[in-house]
Amino acid sequence: MGIKGLTKLLADNAPRGMKEQKFESYFGRKIAIDASMSIYQFLIVVGRSGTEMLTNEAGETTSHLVGMFSRTIRLLEAGIKPVYVFDGKPPDLKKQELAKRYSRREDATDDLAKATEIGNKEDIEKFSKRTVKVTPQHNDDCKKLLRLMGVPVVEAPSEAEAQCAALCKAEKVYAVASEDMDSLTFGASRFLRHLMDPSSKKIPVMEFDISQILEELELSMDQFIDLCILCGCDYCDSIRGIGPQTALKLVRQHGSMESILENINKERYQIPDDWPYEEARRLFKEPLVTDDEQTELKWAAPDEEGLINFLVKENGFNIDRVTKAVEKIKTAKTKSSQGRYELLSKNLLMVNDVGKNCHSLNFFKS
DNA sequence: ACTCTGTCTCTAGACGCC
DNA sequence: TGAGACAGAGT
DNA sequence: GGCGTCC
């Protein structure tokens, strides 16, 4: 998934487009997050021991709810306003990639069966994680949870990453938080990695600024998209023998994919038959996203009764934990409700990029 | 020397208690 | 899945 | 920091 080798390419060629930030500096910010990606991680790791997971009385998995609940509280307590974006129907070009993932899961399922037969605990642990799949039920559970928590949910018509980027471009959120580099290819103006990594891991939040990156690479956005397709994306094969370095060189030299295809040595580089680079390009440049100006993202008060019904009664959560969490959400809401502008003007919040970015009112709104 | 490819590896949440 | 380390091959 | 628990 994502764009092959793009992190390193940017680190080497556009270092000024990436900067380390403190987790705390996102106080008051609206941040878009790909929900399915988060759910997937939770299912892999939360409360897992072999094939055993956290479950409710009916035996249904609750790991995704536990993970989503505690992470979201953590974000709210940091004054961050998360927007979770859920996947819709994947574009046809992604079918190949999805088929690959499906077959990998099939392999893992076989490996898991063997390991279970032999009783190899380590292998059971390893392979069971690879069989994880996010189902519509998981998604629905988490939508319900988030709505009860008063956190906005966006249902993307197609790719969640594309919808996140669209929210960012429309300045409805400040940035997209993801581990997936194709957020940049979709045109997110700001992109955060490692936002969720605890400070104990000593990994700082890395903020990517697309306009700075383009400036430094001396590429237009269209050229950047062609660069990403050449490096290798989810939508089509890349050209054998062309990696990040060569891709960057070719785009700089020829300016566009059409020109590259006209000019490169076709003996050395085999272009795949019916290579759908134009379609891939279109999916990055004009992805299917909802774009309703009316939909205002709202962070509402938590529904305590609803949360107790859903989490405690239906899913076996500890009631004290839930009521305490509700208090945390309320406190966090009060604290951050005065907003970023007031805190900045009172000098209660120190950030290092104020002067550079405060030319627009939207800076404070998103 | 540089770049790409394949293969192997590890890794993946959050919290609180000790 | 991704990303780092490494060996090996091609230019 | 290591380790068990969350459901």
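In what follows, chains carry the letters A, B, and so on, assigned in the order in which the sequence lines appear, proteins first and then strands, with residues in each chain numbered from 1.
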Visitor: Can you check the A:M53 CE to B:dA12 P distance for me, whole Å?
Guide: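 Going from A:M53 (CE) to B:dA12 (P), I get 16 Å.
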
Visitor: Inspect the surroundings of CG in A:D274 and state if more than 12 heavy atoms from other residues, nucleotides or ligands are less than 6.0 Å away.
Guide: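 Check fails, neighbour count at 12 or below.
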
Visitor: When you match A:G241 and A:K328 each to their closest nucleotide on DNA chain B, which lands nearer the 5' end?
Guide: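 Closest to the 5' end, via its nearest nucleotide, is A:G241.
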
Visitor: Give the nucleotide from the list D:dC6, B:dG13, C:dA3 with an atom nearest to the side chain of A:T7.
Guide: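 Of the options given, the side chain of A:T7 lies nearest C:dA3.
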
Visitor: Does B:dG6 have OP1 or OP2 sitting under 4.0 Å from an N or O in the side chain of A:R240?
Guide: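 For A:R240, the contact criterion (side-chain N or O under 4.0 Å from OP1 or OP2 of B:dG6) is met.
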
Visitor: Does atom NZ of A:K266 have more than 12 heavy-atom neighbours, drawn from other residues, nucleotides or ligands, at distances under 6.0 Å?
Guide: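 Yes, the 6.0 Å shell around NZ holds more than 12 heavy atoms from other groups.
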
Visitor: Using atom P in both nucleotides, what's the gap between C:dA5 and B:dT11 to the nearest angstrom?
Guide: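 To the nearest whole Å, 14 Å.
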
Visitor: I'd like the C1' distance from C:dG2 over to B:dA14, given in whole Å.
Guide: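 It comes out at 22 Å once rounded to the nearest Å.
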
Visitor: Please report, rounded to the nearest Å, how far the P atom of B:dT11 is from the CD atom of A:Q41.
Guide: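 Interatomic distance, CD of A:Q41 to P of B:dT11: 15 Å.
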
Visitor: Side chains of A:Y26 and A:L75: does their closest heavy-atom pair fall under 4.5 Å?
Guide: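 No, every pair of side-chain atoms sits at 4.5 Å or beyond.
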
Visitor: Starting at CD1 of A:I3 and ending at C1' of C:dT1, how long is that distance when rounded to a whole Å?
Guide: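 So the CD1-C1' distance, A:I3 to C:dT1, works out to 14 Å.
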
Visitor: Which of these nucleotides, B:dG13, B:dC4, D:dC7, is closest to any side-chain atom of A:R71?
Guide: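 So the side chain of A:R71 is nearest to B:dG13.
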
Visitor: Do side-chain atoms of A:S49 reach the backbone of A:E52 as a donor and acceptor pair under 3.5 angstrom?
Guide: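 Between the backbone of A:E52 and the side chain of A:S49 there is no qualifying donor-acceptor contact (under 3.5 Å).
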
Visitor: May I ask you to decide if A:S63's main-chain N or O and A:T61's side chain share a donor-acceptor pair within less than 3.5 Å?
Guide: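 Absent.
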
Visitor: Look at all strands and tell whether A:K129 reaches a base, only sugar-phosphate, or nothing, counting heavy atoms closer than 4.0 Å.
Guide: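 Base contact - A:K129 has a heavy atom under 4.0 Å of at least one base atom.
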
Visitor: Does the side chain of A:L145 reach to within under 4.5 Å of the side chain of A:L148, using non-hydrogen atoms?
Guide: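 They are not in contact (no side-chain heavy atoms under 4.5 Å apart), so the answer is no.
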
Visitor: Measure OH/A:Y269 against C1'/B:dC4 and give the value in whole Å, please.
Guide: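 My rounded result for the distance is 9 Å.
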
Visitor: Categorize A:T62 for me: base, sugar-phosphate, or nothing, with a 4.0 angstrom heavy-atom threshold over every strand shown.
Guide: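 Sugar-phosphate only.
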
Visitor: Mind calculating the distance between CZ (A:R130) and P (B:dA12) to the nearest angstrom?
Guide: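 Roughly 15 Å, once rounded to whole Å.
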
Visitor: I want to check one thing: is the phosphate of B:dC4, taken as OP1 and OP2, less than 4.0 Å away from some side-chain N or O of A:T246?
Guide: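 Yes, within the criterion.
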
Visitor: Checking contacts here: which listed nucleotide (B:dA14, C:dT1, B:dA12) is nearest the side-chain heavy atoms of A:Y40?
Guide: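 Nearest listed nucleotide: C:dT1.
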
Visitor: Using a cut-off of strictly less than 4.0 Å, decide whether A:R193 has a side-chain nitrogen or oxygen near OP1 or OP2 of C:dA3.
Guide: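 Yes, because at least one side-chain N or O of A:R193 sits under 4.0 Å from OP1 or OP2 of C:dA3.
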
Visitor: Within the side chain of A:R48, is there an N or O that forms a donor-acceptor pair under 3.5 Å with the backbone of A:I44?
Guide: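 Yes, A:R48 side chain to A:I44 backbone: donor-acceptor pair under 3.5 Å.
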
Visitor: Could you check which residues of residues 315-324 of chain A get a heavy atom under 4.0 Å from DNA chain D? Sort them by number, please.
Guide: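 Within residues 315-324 of chain A, the residues near DNA chain D are A:N315, A:G316, A:F317, A:N318, A:R321.
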
Visitor: CG of A:L230 versus P of B:dT3: gap in Å, rounded?
Guide: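 It works out to 16 Å between those atoms.
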
Visitor: Determine the Euclidean distance between corresponding C1' atoms of B:dC8 and D:dT5; express it in Å to zero decimal places.
Guide: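 To the nearest whole Å, 33 Å.
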
Visitor: Any side-chain N or O of A:S63 under 4.0 Å from OP1/OP2 of B:dG13?
Guide: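 Answer is no, no contact under 4.0 Å.
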
Visitor: Answer yes or no: is there a side-chain heavy-atom contact under 4.5 Å between A:N56 and A:E314?
Guide: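 Not touching, per the 4.5 Å side-chain cut-off.
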
Visitor: Can you check the A:E77 CD to B:dA14 P distance for me, whole Å?
Guide: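 Distance check: A:E77 CD to B:dA14 P gives 13 Å.
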
Visitor: Mind checking the P distance from B:dA12 to D:dG2? Whole angstroms is fine.
Guide: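 Pairwise P distance, B:dA12 against D:dG2, rounds to 13 Å.
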
Visitor: Just compare C:dA3, C:dT1, B:dG13 and give me whichever is closest to any side-chain atom of A:V66.
Guide: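 When the side chain of A:V66 is considered, B:dG13 is the closest of C:dA3, C:dT1, B:dG13.
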
Visitor: For the pair made of NE2 in A:H64 and P in D:dC7, what is the distance, rounded to whole Å?
Guide: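 My rounded result for the distance is 14 Å.
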
